[in-house]
Amino acid sequence: MKIIGEKINGTRKLVGKAIAERDAEFIQNLAKRQIEGGAHWLDVNAGTAPDREAADLIWLVGLVQQVSDAPLCLDSANPDALRAAMQHVTKTPMINSISGEQNRLNNILPIVAEHGCQVIALCMDDKGIPPTVEGRIQVMDKVIAEARRAGVPDDKVYIDPLAMTIATNTEAARITFNTMRALRTQFPQAHISCGLSNVSFGLPVRSLINRTFLILALDAGMDTAIIDPNDRELQAALRAADLLLGRDKHCLGYTRAYRAGLLESTAPANGKPK
Ligand code: THG
């Protein structure tokens, strides 16, 4: 599975403060640590203040690129901010995101097509997030058709079926997993991605729910996730699940992670003598 590091997100309190105060060291540390944790892309979200977003995003892009060669995942719904940031990236970034919303199809999809970007596509439109699997697939039928028409091939699209909180609807995760299974069949060349943390919103021990969701989503066909790469338990669960699902040839990823000391939890799990 590929990892998009979630931490440089201006909607998080401390990151928002670091952006407002131009605290370069704070942001660059987040970038470096996530790369050490194995992130393949770094999500960069400048927050949602319309008057500052473009300038803040450009500042973040420059800083992150000083300490990391990883491609960025530009997380914004604002076409002007995205276009501005595109002028400053050194590697072709992933764009997060398009959806069935007309504004995004009209104004963000052309940026994706013009620059040959990979793109996250959300299963929602101007009417919101459809409550059923069928509704989410219908939205994606339209988005993929528009993407193809614009010249964006399916294998550059990372479909996000959207994870809603389980606290208010205990069917929410099952709908997400079933949507993933349907997407796998419908769009075999496309990738399937997801941001996990919404699913546990409002419940205690969120990390337990998040990592269990991750394992079930991997079985449903997810190949990319927006996560905290520095969450050890999440990483260990991920490697074991990849192994058990036959996605780790010769157990190489697992044994390498073991030798790097990444798999032992901090508490003894099974009482096995050392
Ligand atoms: N889909 C897509 N993009 C997304 C989301 C999605 N971008 C934003 C969000 N959802 C994913 N990013 C985050 C970033 C941080 C957190 C949650 C989601 C978060 N972090 C904890 C905090 O701020 O306290 C710290 C880490 C943790 O506890 O795991 O909550 O769904 N396409």
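If you're wondering where the values come from, they're calculated on a predicted model, not measured in any experiment. Indexing begins at 1, ligand by ligand and atom by atom, following the structure's order.
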| Taking the inter-plane angle between the rings of Phe177 and Phe213 on a 0 to 90° scale, is it parallel (under 30°), tilted (30 to 60°) or perpendicular (over 60°)? | tilted

| Proximal protein residues to ligand 1, non-hydrogen atoms under 4.0 angstrom | Glu6, Asn9, Arg12, Asp75, Asn96, Ile120, Leu122, Asp160, Gly195, Ser197, Ile226, Asp228

| Once you round to the nearest 0.5 Å, how far does CD1 of Ile19 lie from CG of Leu60? | 4.5 Å

| field | Test side chain to side chain donor-acceptor pair (under 3.5 Å) applied to Ser99 - qualifying residues, sequence neighbours left out | value | Glu101

| Considering residues at least two apart in sequence or located in another chain, which fulfil the side chain to side chain donor-acceptor pair (under 3.5 Å) criterion with Arg33? | none

| message | Restricting to non-hydrogen atoms, name the atom on Trp59 and the atom on Asp23 that form the minimum distance, rounded to 0.1 Å. | response | CH2-N, 3.7 Å

| field | Partners passing side chain to side chain contact (heavy atoms under 4.5 Å, CB included) against Asp141 (at least two apart in sequence or in another chain) | value | Ile137, Gln186, Phe187

